[in-house]
Enquirer: 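I'd like to ask you about the structure that follows.
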Amino acid sequence: MVSFVPQAKANLVFRALSDPTRRAIFEELTREGEQTVHALTRFAGVSQPAVSKHLTVLKQAKLVRHRRDGRETHYRSRPEALEPIADWLRHYSAFWRERFDKLEEVLERMEP
């Protein structure tokens, strides 16, 4: 029987990372550290308003944090926000491991 892990947070993270541009921005921030919106715009190759919209979605999922410094806004990743996805994967990993163990038992009983 499948029991469900809390999905509200996982849904936000999955939704945020389902877009390839958002995923690339998150990976860039994780790999290179804190960056300004201007630097992320150059990296992403899309308009600054588009990058800002992507960053808003990433902020809602708590995958990035920001800080203001004068006229610039700096963003950094929060890899720990991936934990709901890791929990979801651990849950289904255990589920399938249990199913395969039961299948193996059945197959062993069937052997002559």
Side-chain angles (χ1 to χ4, degrees):
M1 180 64 131
V2 176
S3 64
F4 294 98
V5 295
Q7 294 187 8
K9 288 182 181 177
N11 288 346
L12 279 175
V13 176
F14 276 123
R15 180 176 157 260
L17 295 176
S18 67
D19 181 275
T21 302
R22 284 195 292 270
R23 203 167 44 249
I25 290 170
F26 178 76
E27 289 175 5
E28 174 71 1
L29 289 170
T30 301
R31 189 176 37 253
E32 299 298 327
E34 185 177 276
Q35 296 187 42
T36 64
V37 173
H38 291 107
L40 291 170
T41 299
R42 281 190 302 273
F43 164 77
V46 295
S47 69
Q48 188 272 324
V51 168
S52 292
K53 286 182 181 177
H54 287 304
L55 288 167
T56 297
V57 174
L58 291 170
K59 273 193 311 189
Q60 289 170 342
K62 303 192 183 314
L63 288 163
V64 297
R65 297 185 86 172
H66 73 283
R67 69 176 178 84
R68 298 282 303 177
D69 185 16
R71 297 177 64 174
E72 293 279 358
T73 303
H74 299 256
Y75 283 86
R76 65 183 164 100
S77 69
R78 295 187 63 245
E80 66 273 17
L82 295 172
E83 192 60 32
I85 291 177
D87 288 344
W88 188 85
L89 290 171
R90 275 191 293 273
H91 174 78
Y92 282 97
S93 174
F95 170 78
W96 284 111
R97 189 173 29 253
E98 180 182 320
R99 292 289 175 150
F100 284 122
D101 288 346
K102 287 181 179 177
L103 177 62
E104 187 174 2
E105 289 172 18
V106 169
L107 293 173
E108 285 175 359
R109 280 185 273 158
M110 292 175 63
E111 287 183 10

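Computed from heavy atoms alone, side chains included, the values below leave out hydrogens, waters and symmetry copies.
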Enquirer: Could you state the interatomic distance from CG (L40) to OG1 (T21), rounded to the nearest 0.5 Å?
Expert: 12.0 Å

Enquirer: Determine, stepwise, if the pair L55 / K59 fulfils side-chain contact (heavy atoms from CB on, under 4.5 Å).
Expert: CA-CA 6 Å; L55 288 167; K59 273 193 311 189; 5.6 Å; no

Enquirer: Please answer: with hydrophobic residues joined when any side-chain heavy atoms are less than 4.5 Å apart, are L89 and L63 in the same cluster?
Expert: yes

Enquirer: Check for me, please, whether L29 and L17 land in the same ILVMFWY cluster - side-chain distances under 4.5 Å, paths through other members count.
Expert: yes

Enquirer: Answer yes if the ring centres of W88 and Y92 are under 6.0 angstrom apart, and no otherwise.
Expert: yes

Enquirer: Between atom CZ of F100 and atom CG of L107, what is the distance when rounded to the nearest 0.5 Å?
Expert: 11.0 Å

Enquirer: Could you tell me whether E98 and K102 have a side-chain N and a carboxylate O separated by less than 4.0 Å?
Expert: yes

Enquirer: Would you check if K62 and R78 make a side-chain contact, meaning some heavy-atom pair closer than 4.5 Å?
Expert: yes

Enquirer: Closer than 4.0 angstrom, basic N to acidic O: yes or no for E83 and R90?
Expert: yes

Enquirer: Does atom CZ of R65 have more than 12 heavy-atom neighbours from other groups under 6.0 Å away?
Expert: no

Enquirer: To the nearest 0.5 Å, what is the distance between CD (E108) and CD (E104)?
Expert: 5.0 Å

Enquirer: Is the shortest side-chain N to carboxylate O distance from E34 to R67 below 4.0 Å?
Expert: yes

Enquirer: Is there side-chain contact between H74 and E72, with at least one heavy-atom pair below 4.5 Å?
Expert: yes

Enquirer: Can you tell me how far CD of E27 sits from CZ of F43, rounded to the nearest 0.5 angstrom?
Expert: 8.0 Å

Enquirer: Scan residues 41-50 for pairs that pass side-chain hydrogen bond (donor to acceptor under 3.5 Å, both in side chains), counting only residues two or more places apart or in two chains.
Expert: Q48-S52

Enquirer: Using the rule side-chain contact (heavy atoms from CB on, under 4.5 Å), only one of L58, V64, V46 pairs with I25; which is it?
Expert: L58

Enquirer: Could you list the residues that satisfy side-chain hydrogen bond (donor to acceptor under 3.5 Å, both in side chains) with R71, not counting sequence neighbours?
Expert: none

Enquirer: Can you tell me how far the CG atom of L82 sits from the CG atom of D87, to the nearest 0.5 Å?
Expert: 11.0 Å

Enquirer: Ignoring hydrogens, what is the shortest heavy-atom contact between A39 and Q35? Give both atom names and the distance.
Expert: CB-OE1, 3.7 Å

Enquirer: State, to 0.1 Å, how close V13 and P84 come at their nearest heavy-atom pair, and which atoms those are.
Expert: CG2-CG, 4.5 Å

Enquirer: Determine the minimum heavy-atom distance between R15 and R22, stating which atoms define it.
Expert: O-NH2, 3.4 Å

Enquirer: Is any side-chain N of the basic residue among E28 and R31 closer than 4.0 Å to the acidic one's carboxylate O?
Expert: yes

Enquirer: Would a 4.5 Å heavy-atom cut-off, applied to side chains only, mark T56 and Q60 as touching?
Expert: yes

